[in-house]
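All values below come from the heavy atoms of this structure, side chains included, with hydrogens, waters and symmetry mates left out. Here, residue 1 is the first one in the sequence, and each next residue gets the next number.
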Amino acid sequence: MKYLLNLFLFFFLLFPTQAHTLLSDSDPQNFFVLLDRVQSGEALVILGKVEKTQNPATNKRYFLHTVQILNDLGRNLSTRKILVMEDQWDPTVRSALSDKNDFVLFLSKSKVPPFDSFRILGGSSRVIPVYPQQRDRLLAIIKHCCAFSPNEKKGALIQALQFPDKRIAQDAAIYLGEMKGIALSSKEISTLLQVLQQLEGNTLAQLGLVKGLKNSGDPASREALRSLAKSKPSSSKWRAIQALEELGEKIPTTQLVREVEFANPDQQPAGLNLIVKRQDAAAVAFLRKLLASGGNFEIQRLAIEKMGDVGGTPYEQLLVENLKNPQEPIVVQSLIALGKMQSVKMILPAIHLLDHGTPHLRGAAFLALSTSQDPEAVHALEERYERGPQGIWKKREHFHEH
């Protein structure tokens, strides 16, 4: 199902009158952010249906649709039909505006002098297919989200979380996560927890729902986060732990380590990320043990990458230690991370590997030294290499001959 569509809109009033308002198209974005624009009067939303479609002519890439406006949600537009020119970016893709179902179309609203008729070209717009059995339910959500009552909007968002269209449900979750200080009832919290399980794997939606619980600020929502944090390893669990930490409830790193060690490999990266951010003694001890093991290299690589992102003396020292790791891939990744950290301690070991390492180690050492601003690193490279006319490094033969 195609939800986001680049459209070039051509509007022509079939029943011209005086003092029309220009309709221009809006950027595709969150469904409920668009509804905010409708609420503030910056945009229009219509329920439409294609009456007929003219396919692209030879060497052209535009569909031309005659669209009947079924519902303008109380705006009382003077026209009941519009022409929509749809850009066909891919000749193999069929039009998204089907005559088999209705659709919701968002249109920006700009204040301009009166016109008897108007036409517009350019831009992009959001199209939401609406099937007959969903129509009344979606229109009710739109109506309540355009209300000025925060509680009414919150109720509509909770309903939208269970809407059959998963993109609408995801947009509702993301939007809910941005609302501040909205108390949630026990029934609403139960719905959020249920939807969290259903959306396992949908990163954006899960983040929004956990943020919604965190931002609610009421005791029941806090307790729901604690319950999630104690559940079996999942994306929701790690996000709940992070949310509680941001609220001042920090579980011990040793406990977090145990959770990660017993988690399935697909759940370990998110938990590992939380551990690396801690930078405490327990985190360093766990990471040292992880890199010394002959375990999952992808997890080891991720740990090194995150240490390079976080930085700090404890991680710099640990990565320098691992330049002597018997596993060459660990050494390669450690060099890259240390280069990212602008480590001074890695310069001498990197120079040694640049001269005596395997091809992979020499490449990583060169990369690490080339990112350093330290004079010793710069001198070491310039002594051994020179830049060609295209900016490509080349060996200085006289140095390598000795």
Any donor-acceptor pair under 3.5 Å linking the side chain of [X] with the backbone of [Y]?
| X | Y | value |
| --- | --- | --- |
| Asn322 | Ser334 | no |
| Gln342 | Thr371 | yes |
| Arg37 | Val33 | no |
| Tyr175 | Phe31 | no |
| Asn264 | Asp266 | no |
| Glu188 | Ser185 | yes |
| Lys237 | Ser231 | yes |
| Asn30 | Asp171 | yes |

Taking all non-hydrogen atoms of both residues, which atom of [X] and which atom of [Y] are closest, and how far apart?
| X | Y | answer |
| --- | --- | --- |
| Gln268 | Val260 | NE2-O, 3.1 Å |
| Leu290 | Ala303 | CD2-CB, 3.7 Å |
| Gln206 | Leu199 | CG-O, 3.7 Å |
| Gly212 | Leu184 | O-CD1, 4.3 Å |
| Asp374 | Val344 | OD1-CG2, 4.1 Å |
| Ile251 | Arg278 | O-NH1, 2.9 Å |

Does the distance from a Lys or Arg side-chain N to an Asp or Glu carboxylate O, for [X] and [Y], drop under 4.0 Å?
| X | Y | value |
| --- | --- | --- |
| Lys277 | Glu245 | no |
| Asp165 | Arg137 | no |
| Arg258 | Glu261 | no |
| Lys211 | Glu246 | no |

Could you state the interatomic distance from [atom1] ([X]) to [atom2] ([Y]), rounded to the nearest 0.5 Å?
| X | Y | atom1 | atom2 | value |
| --- | --- | --- | --- | --- |
| Asp280 | Ile275 | CG | CD1 | 9.5 Å |
| Ile351 | His379 | CD1 | NE2 | 8.5 Å |
| Ile304 | Asp309 | CD1 | CG | 12.0 Å |
| Asn273 | Leu302 | CG | CG | 7.0 Å |
| Leu157 | Thr191 | CG | OG1 | 12.5 Å |
| Ile158 | Ile141 | CD1 | CD1 | 11.0 Å |

Next on the checklist: Looking at Lys143, I want to see if its NZ is surrounded by more than 12 non-hydrogen atoms of other residues, nucleotides or ligands under 6.0 Å.
Outcome noted: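 Not buried by this count: 12 neighbours or fewer within 6.0 Å.
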Checklist entry - Are more than 12 heavy atoms from other residues, nucleotides or ligands located less than 6.0 Å from atom CZ of Phe262? => result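 Open.
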Next on the checklist: Is there a side chain to side chain donor-acceptor pair (under 3.5 Å) between Gln267 and Trp238? Walk through the geometry before answering.
Outcome noted: CA-CA 9 Å; Gln267 287 298 330; Trp238 307 125; 3.2 Å; yes
Side-chain H-bond candidate by donor/acceptor type, [X] with [Y], under 3.5 Å:
| X | Y | value |
| --- | --- | --- |
| Glu316 | Ser343 | yes |
| Ser216 | Asp218 | yes |
| Gln170 | Asn202 | yes |

Counting C-beta onward and ignoring hydrogens, is there a side-chain heavy-atom pair between [X] and [Y] closer than 4.5 Å?
| X | Y | value |
| --- | --- | --- |
| Glu223 | Ile189 | no |
| His352 | Leu348 | no |
| Ile241 | Glu259 | no |
| Leu138 | Leu47 | no |
| Asn215 | Ile182 | no |
| Leu176 | Leu161 | yes |
| Phe32 | Ile168 | yes |
| Thr253 | Gln279 | no |

Item to check | Stepwise side-chain contact (heavy atoms from CB on, under 4.5 Å) test for Gln373 and Val378 | outcome: CA-CA 7 Å; Gln373 303 298 316; Val378 174; 5.9 Å; no
Next on the checklist: Which residue in the set Lys230, Lys214, Arg226 passes salt bridge (Lys or Arg N to Asp or Glu O under 4.0 Å) when paired with Glu249?
Outcome noted: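 Only one option passes, and that is Arg226.
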Checklist entry - So Met341 and Leu319, side-chain contact (heavy atoms from CB on, under 4.5 Å) or not? Walk me through it. => result CA-CA 10 Å; Met341 294 167 67; Leu319 291 173; 3.7 Å; yes
Checklist entry - For Leu353, which of Thr358, Val332, Leu369, Leu335 qualifies under side-chain contact (heavy atoms from CB on, under 4.5 Å)? => result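 When Thr358, Val332, Leu369, Leu335 are each tested with Leu353, the side-chain contact (heavy atoms from CB on, under 4.5 Å) holds only for Leu335.
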Checklist entry - Where do Leu209 and Arg239 land on the side-chain contact (heavy atoms from CB on, under 4.5 Å) test, with the steps shown first? => result CA-CA 10 Å; Leu209 291 175; Arg239 294 191 185 284; over 6 Å; no
Checklist entry - Between Gln300 and Ser293, is a side-chain contact (heavy atoms from CB on, under 4.5 Å) present by the stated rule, with each step listed? => result CA-CA 9 Å; Gln300 293 174 319; Ser293 71; 3.7 Å; yes
